[in-house]
Visitor: 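I'd like to ask some things about the structure below.
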Amino acid sequence: MTNRARQQLAGSRNARASLTMSEPLLSFFFFFSFLLHSAISDASQCSVKGLPLVRNISELPQDNYGREGLSHITVAGSVLHGMNEVEVWLQTFSPGSRTPIHRHSCEEVFVVLKGSGTLYLASNSHDKYPGKPQEFSIFPNSTFQIPVNDAHQVWNTNEDEDLQVLVVISRPPVKVFIYNDWFMPHTAAKLKFPYYWDEKCLQLPQKDEL
Ligand SMILES: *[C@@H]1O[C@H](CO)[C@@H](O)[C@H](O)[C@H]1NC(C)=O
Ligand SMILES: *[C@@H]1O[C@H](CO)[C@@H](O)[C@H](O)[C@H]1NC(C)=O
């Protein structure tokens, strides 16, 4: 169809008759190009197509995504980079800042690059709500995994230093359930999807507004 449209386009320069014949095709061709072009412009903000394979982390988009004390970089992700199996974040928590209490049905690995803090983890033993969490000190060059669906919170409890972590999650984009406190029922935890840093670029099917 496109080739035919192109032939018609070329032909139209020479022959008036063929121009007449090709008008519907030409209109279609231009309309289609327009659609294609708009789709590409819309996507360019939310795609790293054209970026080098090796990227300087200092030059990747970095934001707090509305969360005070957080600096988040999606190093390689589902929404921006088309990752299917894993996603990697680099996050810095200023003194006192923390993640919400939350759970997700994916695996998660942390590597503490700098600073220290506390991991709060409620093992999945209570069936109604997370319950009082266990506390673990985290320190430079420490690593830990969060069991799938266990409620947890990472908190920079060090008053003097930023906490910097490299985070790997499976099954992106992450679907997070947020708790107000450790005694909120699992069923009342609120789904936050897309998550803060996926919000801008993750296209969800829009519901009809009536
Ligand atoms: C990476 O980016 C930072 C900030 O722009 C810059 O200072 C640094 O020189 C860059 N590193 C390389 C190897 O280009
Ligand atoms: C972290 O531990 C590894 C293994 O002992 C070591 O090679 C590396 O230098 C450590 N890194 C830091 C920042 O301490």
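Note that ligands are numbered from 1 as they come in the structure, with each ligand's atoms numbered from 1 the same way. Position 1 is the first residue of the sequence, and the numbers go up from there.
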Visitor: Would you tabulate the side-chain donor-acceptor contacts of residues 182-195 under 3.5 Å, counting partners in other chains and residues two or more places apart, or write 'none'?
Guide:
from	atom 1	to	atom 2	distance (Å)
His186	ND1	Tyr179	OH	2.7
Lys192	NZ	Glu199	OE2	2.7
Tyr195	OH	Arg67	NH1	3.3

Visitor: Tell me every residue that passes side-chain contact (heavy atoms from CB on, under 4.5 Å) with Asn141, counting only those two or more places apart in sequence or in another chain.
Guide: none
Visitor: Do Leu70 and Ile178 belong together in a cluster built from hydrophobic side chains that touch within less than 4.5 Å?
Guide: yes
Visitor: For the pair Phe144 and His152, evaluate side chain to side chain contact (heavy atoms under 4.5 Å, CB included) and give the outcome as yes or no after the intermediate values.
Guide: CA-CA 12 Å; Phe144 52 95; His152 60 284; over 6 Å; no
Visitor: Under a 3.5 Å cutoff, is there a donor and acceptor pairing between the side chains of Ser71 and Gln62?
Guide: yes
Visitor: Enumerate, atom names and distances included, each donor-acceptor pair closer than 3.5 Å involving a side-chain atom of residues 160-175, sequence neighbours excluded.
Guide:
from	atom 1	to	atom 2	distance (Å)
Gln164	NE2	Thr92	OG1	3.3
Ser170	OG	Glu107	N	2.9
Arg171	NH1	Ser105	O	2.9

Visitor: Show me, by chain and number, every protein residue that has a heavy-atom distance under 4.0 Å to ligand 1.
Guide: Asn56, Ser58, Glu59
